[in-house]
Amino acid sequence: MERKVKILGLLLAGGQGSRLKALTKNMAKPAVPYGGKFRIIDFALSNAANSAIPDIAILTQYKPLELNEHLGIGEPWDYNRSPVGLKILSPYAGEEGGRWFTGTANSIYENLDFIDSKDPDYVLILSGDHIYKMNYMKMIDAHVASGADCTISVIEVPWEDAPRFGIVNTREDGSIEAFQEKPQEPKNNLASMGIYVFTWPVLRKYLVEDEEMTESEHDFGKNIVPRMLEDGRKLYSYHYRGYWKDVGTVRSYWESNLDLLNPADPLELFHRDWRIYTNNLNLPPHRVEEGAKVEEALISEGSVIEGHVQKCVIFSNVHVAKDTFVYNSVIQTGAVIGQGSRLENAIVMEGVHIPPGTVLGNEYDVTLISPDGILVE
């Protein structure tokens with residue numbers, strides 16, 4: 001009988017996300033709330049669950065408390081089982097003392113003992129800070145069929161954004177001939193999504209060798225992938241053509257939330273054949289009071305709307321008071337918008353109370369309102 005291949009998912013969720021400013025002051029980027037009831041990491045984690053990836057380890061680092069509390073034992077994603085299911089891997093102290101992960105490749109290297117104990121044939125490496133839906137098993141099947149050592153998921157991005165990404169140059173058969181990490185003058189706009197499938201024995205060899213190179217940054221895009229190409233290894237691209245958003249800035253976070261209001265539903269959030277799971281708060285339904293007005297909005301549980309809300313994403317337990325007008329905005333959990341206020345193109349962070357009569361925002365900028373103050377971008 002043919003032996004079933006063994007797959008292990010490794011989800012990198014330790015990113016600081018400094019360009020998100022106050023949104024990541026107290027939490028890792030994958031833990032940032034999104035879409036009214038989710039967190040960013042829910043998308044990669046739900047994709048893994050829907051793709052029937054049997055086991056997944058989540059590698060954390062920067063301010064993991066909120067993320068760890070959200071993940072729990074993995075029950076919302078059906079990963080609350082043994083011997084693995086969902087496993088959280090954090091930096092730890094060894095014989096030489098404790099140290100942080102120094103790069104994406106190093107974070108995997110530092111957990112070789114755990115990975116070896118699972119003895120996978122293939123490892124699926126994911127980033128925990130992107131918004132998208134994807135069947136990873138189709139990518140893994142393509143990797144196995146091609147006999148590749150590494151398969152990288154790619155997507156076409158706007159040319160002006162290409163210098164922010166690793167750019168992949170491919171041949172007609174989809175094999176990769178060159179990889180440029182954040183090039184100043186990209187040769188094309190085919191960007192790496194930060195999703196990799198590696199044949200584990202091959203990747204393990206490169207991780208060990210890379211760790212011994214003092215000049216290396218121990219990064220997949222900067223070091224591991226270019227070295228594999230130099231050595232003539234088989235690397236293939238896997239084209240993805242759905243909705244994908246790298247919420248790397250305050251504006252892109254705001255834009256991606258408001259994308260959910262598009263009647264065309266580009267993320268297919270309301271399609272029930274590929275659900276996004278999360279750790280629910282089990283709150284009562286939202287309530288729209290007499291005299292209130294709601295147009296083109298997502299409103300989550302426990303919220304009370306007394307004013308006028310238009311083109312907004314409203315998280316749970318939000319209170320929008322009377323005589324207010326909130327437009328084109330993202331209002332996070334527990335925020336209160338005081339009576340007579342006017343907000344436009346705003347992000348109001350969790351628990352923030354907007355005083356009555358406040359007027360903030362304009363049609364050009366994005367205004368981030370945090371416990372620490374107001375930032376206009």
Side-chain angles (χ1 to χ4, degrees), residues 5-15 44 53 55-61 87 89 91-92 94 96 99-128 136 139-154 165-171 173-183 190-238:
V5 299
K6 295 173 66 176
I7 301 162
L8 176 64
L10 300 167
L11 200 165
L12 308 182
I53 303 301
D55 300 306
I56 190 161
I58 300 180
L59 286 70
T60 64
Q61 179 156 277
K87 180 80 170 180
L89 303 175
Y92 59 91
E96 300 176 357
R99 63 173 181 171
W100 293 111
F101 299 143
T102 57
T104 53
N106 173 257
S107 67
I108 305 298
Y109 171 83
E110 293 290 349
N111 289 286
L112 283 183
D113 288 346
F114 167 78
I115 301 171
D116 285 341
S117 71
K118 305 308 164 192
D119 190 29
D121 298 302
Y122 305 101
V123 291
L124 169 69
I125 296 178
L126 306 170
S127 173
Y136 299 137
M139 180 179 174
I140 293 168
D141 288 343
H143 175 85
V144 175
S146 69
D149 298 306
C150 170
T151 299
I152 303 174
S153 185
V154 297
F165 298 98
I167 298 299
V168 178
N169 301 318
T170 62
R171 304 179 183 91
D173 65 351
S175 62
I176 298 173
E177 61 179 355
F179 185 94
Q180 300 171 284
E181 180 66 13
K182 299 181 180 179
L190 198 60
S192 166
M193 297 170 62
I195 302 171
Y196 306 90
V197 178
F198 285 98
T199 300
W200 174 239
V202 176
L203 176 59
R204 193 187 193 288
K205 170 183 177 294
Y206 278 88
L207 291 175
V208 172
E209 292 175 353
D210 180 75
E211 192 64 23
E212 296 174 354
M213 297 178 179
T214 55
E215 73 281 6
S216 175
E217 296 182 49
H218 311 304
D219 183 84
F220 282 113
K222 295 177 181 177
N223 307 111
I224 300 295
V225 170
R227 283 190 52 235
M228 292 180 74
L229 286 170
E230 289 173 7
D231 291 348
R233 292 286 184 174
K234 293 179 66 175
L235 280 78
Y236 278 80
S237 60
Y238 181 82

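Hydrogens, waters and symmetry mates are skipped; everything else that's a heavy atom, side chains included, is used.
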Point to revise | Side-chain heavy atoms of Asn169 within contact of Leu190, under 4.5 Å | key: no

Exercise for review: Indicate yes or no: at least one non-hydrogen side-chain atom of Lys87 is less than 4.5 angstrom from one of Leu89.
Suggested key: yes

Study note, to complete from the structure: By salt bridge (charged side-chain N to carboxylate O under 4.0 Å, His left out), Lys118 pairs with (sequence neighbours left out) none

Practice item. Without swapping roles, check the side chain of Asp219 against the backbone of Gly103 for a donor-acceptor pair under 3.5 Å. Key: no

Review point. Mind checking what makes ring pair (Phe, Tyr, Trp, His ring centres under 6.0 Å) contact with Tyr196, not counting sequence neighbours?
Key: Phe198, Phe220

Practice item. For residues Leu207 and Asn106, determine if any side-chain heavy atom of one lies less than 4.5 Å from a side-chain heavy atom of the other. Key: no

Check your understanding: Side-chain contact, heavy-atom cut-off 4.5 Å: Ile195 with Met139?
Key -> yes

Check your understanding: Taking only residues two or more places apart in sequence, or in another chain, which ones meet Ala44 in a side-chain contact (heavy atoms from CB on, under 4.5 Å)?
Key -> Leu11, Tyr132, Tyr136

Practice item. Check whether any side-chain heavy atom of Leu112 lies under 4.5 Å from a side-chain heavy atom of Val208, and answer yes or no. Key: yes

Practice item. Report yes if the side chains of Val144 and Tyr122 come closer than 4.5 Å at any heavy-atom pair, otherwise no. Key: yes

Review point. Just one of Leu10, Leu126, Leu8 clears the side chain to side chain contact (heavy atoms under 4.5 Å, CB included) bar with Ile56, so which one?
Key: Leu126

Check your understanding: Hey, are Thr199 and His143 close enough side-chain-wise for a donor-acceptor pair under 3.5 Å?
Key -> yes

Practice item. Please name all residues satisfying side-chain contact (heavy atoms from CB on, under 4.5 Å) with Asp173, sequence neighbours left out, ordered by chain then number. Key: Arg171, Ser175, Tyr236

Review point. For Ser127, which residues count as a side-chain contact (heavy atoms from CB on, under 4.5 Å) partner, sequence neighbours excluded?
Key: Asp129, His130

Check your understanding: Are Asn223 and Tyr206 close enough that a side-chain donor and a side-chain acceptor fall under 3.5 Å?
Key -> no

Check your understanding: Which residues pass the salt bridge (charged side-chain N to carboxylate O under 4.0 Å, His left out) test with Asp116, sequence neighbours left out?
Key -> Arg204

